[in-house]
Amino acid sequence: MTPAEYDDLELALDGILDTVTVVAAESVDSLDVTDLEGTPIARLTVLAKEPLADGRVRLTGSVEALRPREDGVFRTLRRTPADVGGGRIAAVPVDAPLSSTAIEHLAGATAGFDRVLLLPLVGTGSPQGISAHGLVRATLAAAALLPGEVRVVPVPAGRTIEPARVAAAYGEPVHVVSGGPLPDAVETIVQAERRGGLVVFLTGLSGSGKSTIARGLREALLERGRTVTLLDGDVVRRMLSAGLGFSKADREANIRRIGYVAAEVARHGGLAICAPIAPYAATRAEVRAMVEEAGGSFALVHVSTPLEECERRDRKGLYAKARAGEIKEFTGISDPYEAPDDTDLAIDTTSVPIAAAVERVLGLLRDHGWLEDGEGRDPRLPGEGEARDQG
Ligand SMILES: Nc1ncnc2c1ncn2[C@@H]1O[C@H](COP(=O)(O)OS(=O)(=O)O)[C@@H](OP(=O)(O)O)[C@H]1O
Ligand SMILES: Nc1ncnc2c1ncn2[C@@H]1O[C@H](COP(=O)(O)OP(=O)(O)O)[C@@H](O)[C@H]1O
């Protein structure tokens, strides 16, 4: 099941949706849905079937829970519509932190109701620009500023269902006005979220200068008292990706592993620098998605030094071997390199000295709010040196 199908399943189990639709390999009358670990969580009783062109079948049916669900964002706050009690309920779908204006408007619009439910929408693809947990925490902070009985009930609704439909299952829908500054308590939570991690991903041919720039960058950051995780080609291939070769599948596996680790670093607000060739655009896009899913920013740097220059350098003598046919599937010679068209920065080290290349990437870090404007090298250190020292 896709994450969005899981959302729908959760919504159906909570009674917000009547049916769930899944795509199955074959036509069946009943289907046990498992979680990611393979434990059955719900049974789908099929009510309608629709064969697809690729031989699979679209099954629509009702669901019943096979066991209590334990995971999910702020599970302890979750309530089904049947659990929220009687009376006149104002149900407010929330997909972004509530502003002072929105809170003021809600205070007026919900006067006269017995209870207000703020429903942070935390399904796949929602919210945007803040984590699901961040949205719930921001909504709890906003709830404290509203008069009357206010409850926060997260709902696993993503982009596939209308917010008003979710709200209607819980009570009388009340919409949120957008815009305006955030109250201090909400702003504090949003700001803490913005200090998300950053992944700087250098891609380019062998010998283009990725490792050299990555090492210079690490040094510059350490000198500024920052911490950094460097996922450089050699170390990665020895530690994370031992046993992998250079086929398309192996290169993809290598990049996914790097992306996974980098995303975990970003999840904790850290900085990861990656420096693999990463020849395939689709795999680079997967890494970007993994990092963003973990709440981090992703900066793609193309070290665009042309093949002729890389080959002229031939530091490890690999190009000569590749030309002689001694190394098969060598990037740029006998294997593809898909130049990126989604870069934040391109550096051709034929014409850009190492220190200047590092300085350009530091500029990118400033753009991402990772370094303060003018944040220079530790002034207590002796020997003002190269261009990169100047902020
Ligand atoms: N067939 C083939 N193609 C390209 N490169 C090869 C190959 N065989 C070995 N090497 C050496 O491995 C380094 C590239 O590894 P990466 O992990 O960065 O490659 S990839 O991103 O998985 O494509 C690369 O190192 P760098 O020069 O640091 O890029 C090469 O030295
Ligand atoms: N401006 C530059 N930036 C980076 N590397 C450069 C530059 N000028 C020359 N080089 C040399 O090019 C080679 C690049 O190798 P490396 O950094 O290992 O590349 P990659 O990691 O992309 O394979 C090194 O020998 C480095 O000294």
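Both counts, for ligands and for their atoms, begin at 1 and track the order of listing.
Among Arg315, Lys316, Arg257, the residue whose heavy atom lies closest to atom 28 (O) of ligand 1 is Lys316. Relative to atom 3 (N) of ligand 1, the option among Arg251, Lys328, Arg284 with the closest non-hydrogen atom is Arg251.
Closest to atom 30 (C) of ligand 1, if we only count protein heavy atoms, is Leu318 CD1, 3.5 Å. Nearest non-hydrogen protein atom to atom 11 (C) of ligand 1 is Phe246 CZ, 3.9 Å. Distance from atom 1 (N) of ligand 2 to its nearest protein heavy atom, with residue and atom name: Val352 O, 2.6 Å.
One finds no salt bridge joining Asp342 and Arg284 here, because no Lys/Arg side-chain nitrogen approaches an Asp/Glu carboxylate oxygen to under 4.0 Å. At a threshold of 4.0 Å, the pair Glu359-Arg366 counts as salt-bridged, since one of the basic side-chain nitrogens sits closer than that to a carboxylate oxygen.
Looking at ligand 1, you won't find any N or O of Asp234 less than 3.5 Å from one of its N or O atoms. In terms of N/O distances under 3.5 Å, ligand 1 is not approached by Gly233. Residue contacts with ligand 2: Ile213 is placed with no nitrogen or oxygen under 3.5 Å of a nitrogen or oxygen of the ligand (distance criterion only).
Ligand 2 lies out of reach of Ala275, whose nearest heavy atom is not under 4.0 Å from it. Residue Val303 places no heavy atom under 4.0 Å from ligand 2.
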Name every donor-acceptor pair, under 3.5 Å, that has one atom in a side chain of residues 211-218 and the other anywhere in the protein, sequence neighbours excluded.
from   : atom 1 : to     : atom 2 : distance (Å)
Ser211 : OG     : Asp232 : OD1    : 3.2
Ser211 : OG     : Asp232 : OD2    : 3.4

